[in-house]
Amino acid sequence: MGKLVLIDGNSIAFRAFYALPLLTNATGTYTNAVYGFTMMLLKVLEEEKPTHLLVAFDAGKTTFRHNDYQKYKGKREKTPGELSEQIPLIKEVLDAFQIRSFELEGYEADDIIGTLAHSPEAEGLETLIVSGDKDLLQLVNDHVQVLMTRKGVTETERYDVKAVDERYGLTPGQIIDLKGLMGDPSDNIPGIPGVGEKTALKLLHQFPTVEEIIEHADELPGKKLQEKVREHADQALLSKKLATIYTEVPLEFGVSDLKLPPTDLKKVSEVFKKLEFKTLLNRIHTGGETGEEVREAEPEQISYQIVTADHRDETEKVLKQDQLAVYVEMTEENPHRAEVTGIAVSDGKAQLYIPMETARHWEAFQAWLADGNRRKIVYDVKKTMVSLENKGFQTDGFQFDVLLAAYLLNPSESRYELSDMVERHLQGFLPSDEEVYGKGAKRRALEGEELARHLARKTSAICQLYPVLLKELEQADLYDLMCGLEMPLAGVLAGMEQQGVRVDKKRLDDLGIELKESMDRLTDEIYEIAGVEFNINSPKQLGEILFDKLGLPVLKKTKTGYSTSADVLERLAPQHEIVEKILHYRQVGKLYSTYIEGLKKEIGRDGKIHTQFHQTITATGRLSSTEPNLQNIPIRLEEGRRIRQVFVPSKEGWYMLAADYSQVELRVLAHLSEDESLQYAFKHGLDIHTQTAMDVFGVSETEVTPLMRRHAKAVNFGIVYGISDFGLSQNLNITRKEAKDFIDRYFETYPGVKRYMDTVVKQAKKEGFVTTLLGRRRYLPDINSRNFNLRSFAERTAMNTPIQGTAADIIKYAMVEMDKRMKEEKLESRMLLQVHDELIFEVPEEELPVMRTLVPEVMEGALPLSVPLQVDVNVGKSWYEAK
DNA sequence: GTATTCACG
DNA sequence: ACGTACGTGAATACC
């Protein structure tokens with residue numbers, strides 16, 4: 001059987017335009033919508049293998065619908081010029097594929113699609129409609145399905161009759177009734193005011209059509225709703241009519257005219273070249289295409305030389321050059337455990353592969369590695385340093401890290417593998433590690449020539465990336481941040497990781513035994529009360545016990561069933577004694593599995609834990625920590641806080657010193673917003689939450705109750721997160737209205753903050769990104785989205801990122817400076833950990849006085865703000881005691 | 001592999 | 001009307 005695919009051209013182009021950043025090609029033409037559209041087209045061709053295909057577009061300004069309703073699509077903002085100029089390009093792409101594109105004056109794309117999908121001719125075919133518009137769901141039947149864009153352009157969701165029922169509980173025919181009731185603000189279709197999707201679905205489950213709902217208006221739940229339905233009955237009927245797709249458009253062709261000829265790869269390549277779609281070009285050549293003639297992309301030839309003991313002297317002249325790329329290959333991701341398999345260097349033309357065996361005995365090479373004047377370009381400087389230094393090599397002279405550069409250019413990417421970067425910044429191709437080594441069980445080690453070639457390609461790629469990224473950094477004003485902060489910080493972090501934190505194994509075991517006993521006891525008690533044994537760790541089984549068996553009220557649901565999260569359980573606790581036990585069990589279980597068992601696994605042969613700090617993970621500029629994560633060791637509850645007793649100094653008689661910034665984020669806000677009241681509070685050393693409570697509630701210091709302070713504190717946090725009344729109401733368990741009042745009063749009290757928040761969002765909408773104090777960027781592609789959720793999230797992010805990111809800038813700066821000062825003063829103390837707003841050191845007793853002064857001095861002075869920074873220092877025999 | 005939960009700032 | 005707090009990592013269950 002054949003397959004007919006009908007694409008809603010405007011809808012997909014629209015989707016693509018807003019999902020992708022405004023790309024341009026060399027001629028300055030915008031191509032993001034064309035690119036996204038083409039990605040979708042390729043996906044459909046590859047995955048659906050259609051025999052017949054048509055792309056329908058909307059034509060002109062007015063359609064027959066305007067006869068019924070003048071305001072149809074009246075409020076819709078004009079299609080931006082950047083998008084409309086891309087429509088002809090999309091048609092060019094379609095021409096190259098020899099795909100029919102079609103539009104007809106007076107009709108919308110929907111109507112053309114509907115006419116074809118429901119034509120008698122289509123009945124013998126499987127039909128698939130591709131769109132981002134829910135309306136098209138009305139066309140679904142036994143042989144018509146809809147592929148709807150979900151997120152971005154290529155993430156889709158397939159709807160058949162069953163899927164429509166699962167999603168809405170409606171037949172496809174009822175979609176028009178749904179829209180009749182709800183309306184659609186983007187098309188200026190009114191519907192019934194005050195009726196959203198929830199209410200509309202409830203009504204349609206009671207009566208199947210708009211007509212019947214109107215007829216039985218008296219039987220509807222709630223007087224107000226009845227009134228609204230009666231009052232706006234005409235409007236609902238009109239809305240339904242407007243939403244109905246017209247399936248009898250006079251077309252001069254039929255389905256059989258839409259037959260898809262074999263792809264002419266030459267034509268397609270030409271268009272792709274013109275548009276500079278280099279990765280797509282690769283894709284059509286490397287397979288997956290519908291037709292014949294699948295041509296393998298030529299793997300680029302790369303030259304390399306394997307250096308062995310016999311002829312290493314002749315290669316020594318390569319090392320004389322003042323700048324080379326170097327890459328270290330390892331057996332695993334974690335450099336603290338990995339073995340080095342080999343090292344490669346490149347000057348951009350020649351590549352050398354140096355097996356570990358050679359490197360170990362080659363003094364000239366070792367001298368080159370250790371020479372600060374021999375500049376090295378690397379991918380992942382920290383990992384490179386750690387792995388080489390662990391094997392006894394000294395290192396210096398790292399000039400530029402392409403990984404850090406790529407991160408600064410866009411910290412929101414999910415992957416920064418070399419292969420990704422070659423594609424992203426060079427529009428080139430490099431096989432990924434996964435492709436080369438395989439994954440999971442298929443993973444294998446490379447050796448000899450194969451390994452040498454792969455590493456040669458990598459180092460060569462690093463060489464090519466360097467000038468491109470350098471230029472991009474300069475253009476984005478990120479060069480100083482790179483060389484003045486992130487590069488030096490990487491060295492500091494490498495040192496901290498290698499130093500590691502000493503663990504008191506005995507204490508860890510003892511705590512483990514204690515927690516295990518506690519867990520066993522709670523398990524017995526819970527089984528006893530429940531009357532059955534079950535897996536308390538399974539939210540599913542737990543939900544069945546709590547809500548089905550014991551009949552507790554369901555306060556919150558998740559996608560898959562009942563929610564059993566702590567905030568739900570806390571509210572249920574007064575109703576049944578089992579709940580408290582479960583909460584306690586969860587708490588103890590977490591401590592045991594994550595912190596006792598989890599930490600034990602990570603203790604090295606030296607009795608220390610060597611975490612990895614990641615410098616390119618967060619979108620805000622913060623660090624993250626893994627294997628293990630030492631940035632989330634418990635502190636809030638005493639029972640968990642005791643875990644900190646296991647972290648001790650590595651030498652007898654030394655101390656742990658913890659220094660934390662007090663309220664950095666709010667101080668940063670005071671600085672960025674220039675709000676006078678907020679600045680006043682910090683300049684006069686007032687307790688900020690009490691001060692906020694006084695200001696917001698209009699009371700004197702002595703009148704501030706603990707509850708008022710708690711509320712003020714939550715508002716302060718909320719402000720930093722990019723506040724919403726809903727979020728605050730959830731946090732404080734109050735109504736939205738009350739939360740809104742708090743926020744309004746806060747902004748009245750601190751008008752500078754309000755002004756700042758508005759400015760930063762406005763700027764993000766204009767520029768497409770926000771920045772921190774040091775110019776660190778974060779792009780917010782959804783900031784102008786029509787989707788309320790995406791847009792709101794982007795707006796909150798716009799408010800939060802400069803604050804969180806500036807705080808990250810500050811402590812990073814302090815770390816670099818602190819490392820420098822400790823070396824200058826020849827101190828033996830060592831910086832061990834960073835936890836976002838605090839630094840942990842181990843300190844010999846005789847250095848305590850100097851460190852107690854030096855650390856806060858450096859941290860407070862890191863980046864001068866218009867308000868003072870305040871650092872509190874604590875010392876103890878373990879991390880626990882340094883409080 | 002995804003979802004849920006919970007530890008931290 | 002929409003449906004949310006910002007940023008992370010790890011363990012566990014379940015498909």
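Convention: sequence-line order gives letters A, B, ...; per-chain numbering from 1. Owing to the predicted nature of the structure, the values given are computational and were not obtained by experimental measurement.
B:dA7 and C:dC2 are spaced 32 Å apart, taking the C1' atom of each and rounding to whole Å. Spacing of P atoms, B:dC6 relative to C:dG3, comes out at 24 Å, to the nearest Å.
At a threshold of 4.0 angstrom between heavy atoms, the contacts of A:Asn629 are confined to the sugar-phosphate backbone, with no base atom among them. Backbone-only contact: A:Gln541 has heavy atoms under 4.0 Å from sugar-phosphate atoms and none from a base. Using a 4.0 Å heavy-atom distance criterion, A:Val720 is classed as making no nucleic acid contact. Contacts of A:Ile803 with the nucleic acid, taken as non-hydrogen atoms under 4.0 Å apart, are absent. Looking at heavy-atom distances under 4.0 Å, A:Ala566 makes contact with sugar-phosphate atoms alone, never a base. Residue contacts shown for A:Ala714 include a base, since a base heavy atom lies under 4.0 Å away. Looking at heavy-atom distances under 4.0 Å, A:Leu591 makes no contact with the nucleic acid at all. Across all strands, A:Thr564 comes closer than 4.0 Å only to sugar-phosphate atoms, never to a base (heavy-atom distances). Within 4.0 Å (heavy atoms only), A:Gly722 reaches no atom of the nucleic acid at all. Residue contacts shown for A:Asn787 are absent, as no nucleic acid heavy atom lies under 4.0 Å away.
Summarising the base pairing, C:dT8 is matched to B:dA7 through a Watson-Crick or G-U wobble pair whose two defining distances lie under 3.5 Å.
Per the geometry, CD1 belonging to A:Ile723 stands 16 Å off C1' belonging to C:dG3, to the nearest Å. Taking atom CD of residue A:Glu665 and atom P of nucleotide C:dA5, one finds them 18 Å apart after rounding to whole Å. When the C1' atom of B:dT4 is taken as reference, atom CD1 of A:Ile536 falls 17 Å away, rounded to whole Å.
Counting heavy atoms from C-beta on, the side chains of A:Leu137 and A:Met148 come closer than 4.5 Å.
OP1 or OP2 of B:dC6 has not a single side-chain nitrogen or oxygen of A:Arg636 nearer than 4.0 Å. For the OP1/OP2 pair of C:dA5 and a distance below 4.0 Å, the side-chain nitrogens and oxygens of A:Arg796 include no atom meeting the criterion. In this structure, A:Thr594 does not reach the C:dA11 phosphate: none of its side-chain N or O atoms is under 4.0 Å from OP1 or OP2. The phosphate of C:dT8 has neither OP1 nor OP2 within less than 4.0 Å of any side-chain N or O from A:Ser625. Of the side-chain N and O atoms in A:Gln804, none sit less than 4.0 angstrom from OP1 or OP2 of C:dT8. Here A:Thr560 reaches the OP1 or OP2 of B:dT4: one of its side-chain N or O atoms lies under 4.0 Å away.
Checking each of A:Thr806, A:Thr771, A:Thr620, A:Asp809 against A:Arg776 for a side chain to side chain donor-acceptor pair (under 3.5 Å) leaves exactly one that passes, namely A:Asp809.
Residue-to-nucleotide contacts include no donor-acceptor pair under 3.5 Å from the side chain of A:Arg778 to the base of C:dG7. The base of C:dT8 is not paired with the side chain of A:Arg622 by any donor and acceptor separated by under 3.5 Å. Residue-to-nucleotide contacts include no donor-acceptor pair under 3.5 Å from the side chain of A:Ser624 to the base of C:dT8.
Taking the six-membered ring where the residue is Trp, A:Trp879 and A:Phe647 present perpendicular rings, their angle passing 60° and hence far from 30°.
Within 6.0 Å of NZ in A:Lys883 there are more than 12 heavy atoms belonging to other residues, nucleotides or ligands.
Residue-to-nucleotide proximity on DNA chain C shows that, of A:Ser538 and A:Phe788, the 5′-proximal contact is made by A:Phe788.
By the 6.0 Å and 45° rule, A:Arg777 stacks over the aromatic ring of A:Phe769.
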